[in-house]
Amino acid sequence: MSTPVTSVTTASERALAGGQWLLGAAPSRQEARASWEENGSAWLRPGVLFGAITMPAGLVHAALGEGSPLECATALDVRLCGGPVFYGERGFGPEGGYTALVPASAAMMWSAPGATPHHHKALLEVPAPELVRPERTMSWWVVQLDGPGTLCEPALLAALVAQGYNALADAKAAAQDG
């Protein structure tokens with residue numbers, strides 16, 4: 001009788017493996033890896049390995065009832081069942097934005113108002129996998145990449161977007177009535 005083998009992986013090991021997987025979407029793996037090390041972000045091309053949906057920070061904050069990316073981190077993790085999401089300060093004009101990684105097919109068919117699919121032929125600036133706090137870059141993972149192929153469930157993301165969109169519409173209507 002043999003003893004079962006048990007292996008344990010840490011969050012940093014899963015993030016490292018996820019980062020290697022993400023590099024498959026880089027025009028140049030070597031340049032992207034160097035850019036992550038030097039700048040904290042690299043340009044990747046969504047469309048095959050993953051798709052990307054961008055959302056204004058206000059929409060996400062309205063959906064979750066929180067006022068900042070740090071305050072939203074736990075709620076986003078729970079609502080999206082660990083699907084990876086990063087925040088960037090340069091998202092929507094003066095307002096930052098969140099980007100959720102989804103299956104490529106979901107991004108190509110996305111139609112929920114309030115959030116925008118990132119065009120599959122355009123480059124996307126993605127933070128290094130280990131950046132999970134707003135430290136040295138303008139973008140960082142609010143919900144960390146948890147390994148290769150880990151993506152947001154499109155239905156869960158659509159529900160979050162719809163909740164934020166409706167909350168913003170309600171607030172706008174209340175302001176007009178008041």
Side-chain angles (χ1 to χ4, degrees), residues 14-29 31-33 35-36 39-64 69 72-73 75-93 95-132 137-169:
R14 289 189 308 273
L16 179 63
Q20 291 302 315
W21 173 76
L22 279 177
L23 287 174
S28 165
R29 283 175 160 280
E31 288 178 21
R33 186 179 292 113
S35 183
W36 271 345
N39 306 318
S41 64
W43 293 97
L44 305 180
R45 189 176 313 280
V48 176
L49 294 178
F50 62 90
I53 305 296
T54 58
M55 304 157 282
L59 180 132
V60 175
H61 298 166
L64 300 174
C72 289
L76 265 178
D77 191 9
V78 170
R79 289 284 301 272
L80 299 177
C81 295
V85 179
F86 63 87
Y87 174 80
E89 292 179 2
R90 297 181 290 202
F92 291 84
E95 179 180 20
Y98 293 83
T99 300
L101 301 187
V102 297
S105 59
M108 294 184 108
M109 298 183 305
W110 188 262
S111 63
T116 307
H118 189 82
H119 193 278
H120 69 279
K121 292 184 180 180
L123 292 173
L124 174 68
E125 189 174 13
V126 177
E130 69 275 5
L131 295 179
V132 295
T137 64
M138 297 179 90
S139 64
W140 52 280
W141 294 94
V142 178
V143 180
Q144 188 174 15
L145 185 65
D146 194 34
T150 303
L151 299 169
C152 291
E153 171 62 44
L156 296 176
L157 183 61
L160 177 83
V161 168
Q163 183 178 356
Y165 185 81
N166 291 335
L168 290 174

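Since we're looking at a predicted model, the values are computed, not measured. The chain is numbered in sequence order, starting from 1.
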Tell me whether the count of non-hydrogen atoms from other residues, nucleotides or ligands lying under 6.0 Å of CD in E31 goes above 12.
no
The reported gap from CG in L168 to NE2 in H61 (rounded to nearest 0.5 angstrom) is 11.0 Å
Between S35 and W43, is any pair of side-chain heavy atoms under 4.5 Å apart?
no
L80 and C152: which non-hydrogen atoms are nearest, and at how many Å?
CD1-SG, 4.1 Å
Do any N or O atoms from the side chain of T150 and from the backbone of L145 form a donor-acceptor pair under 3.5 angstrom?
no
Which of parallel (below 30°), tilted (30 to 60°) and perpendicular (above 60°) describes W21 and F50?
tilted
Measuring from C81:SG to L76:CG, what's the distance to the nearest 0.5 Å?
11.5 Å
Closest heavy-atom pair, A75 versus L64, reported as atoms and distance to 0.1 Å, is CB-CD2, 4.0 Å
For A73, does its backbone N or O pair with a side-chain atom of D77 as donor and acceptor, under 3.5 Å?
no
What heavy-atom pair brings L49 and A25 nearest, and what distance separates the two atoms?
CD1-N, 3.6 Å
Closest non-hydrogen contact found for R79 with A63 is NH1-O, 4.2 Å
CZ-CD distance between F86 and Q144, expressed to the nearest 0.5 angstrom:
14.0 Å
Keeping R45 on the side-chain end and K121 on the backbone end, is there a donor-acceptor pair under 3.5 Å?
yes
Check step by step if side-chain contact (heavy atoms from CB on, under 4.5 Å) holds for L160 and L59.
CA-CA 9 Å; L160 177 83; L59 180 132; over 6 Å; no
Measuring from M55:CE to T99:OG1, what's the distance to the nearest 0.5 Å?
6.5 Å
To the nearest 0.5 Å, what is the distance between OH on Y98 and SG on C72?
4.0 Å
Which distance, rounded to the nearest 0.5 Å, do you find between the CE of M108 and the NE2 of H118?
12.5 Å
Could you tell me which non-hydrogen atom of G83 sits nearest to which non-hydrogen atom of V143, and how far apart they are?
O-CG1, 3.2 Å
L157 vs W110, test: side-chain contact (heavy atoms from CB on, under 4.5 Å). Steps then yes/no.
CA-CA 11 Å; L157 183 61; W110 188 262; 3.8 Å; yes
Hey, does L101 have a side-chain heavy atom less than 4.5 Å from the side chain of L22?
yes
Nearest atoms (heavy-atom pairs only) where P69 meets W140:
CB-CZ2, 3.5 Å
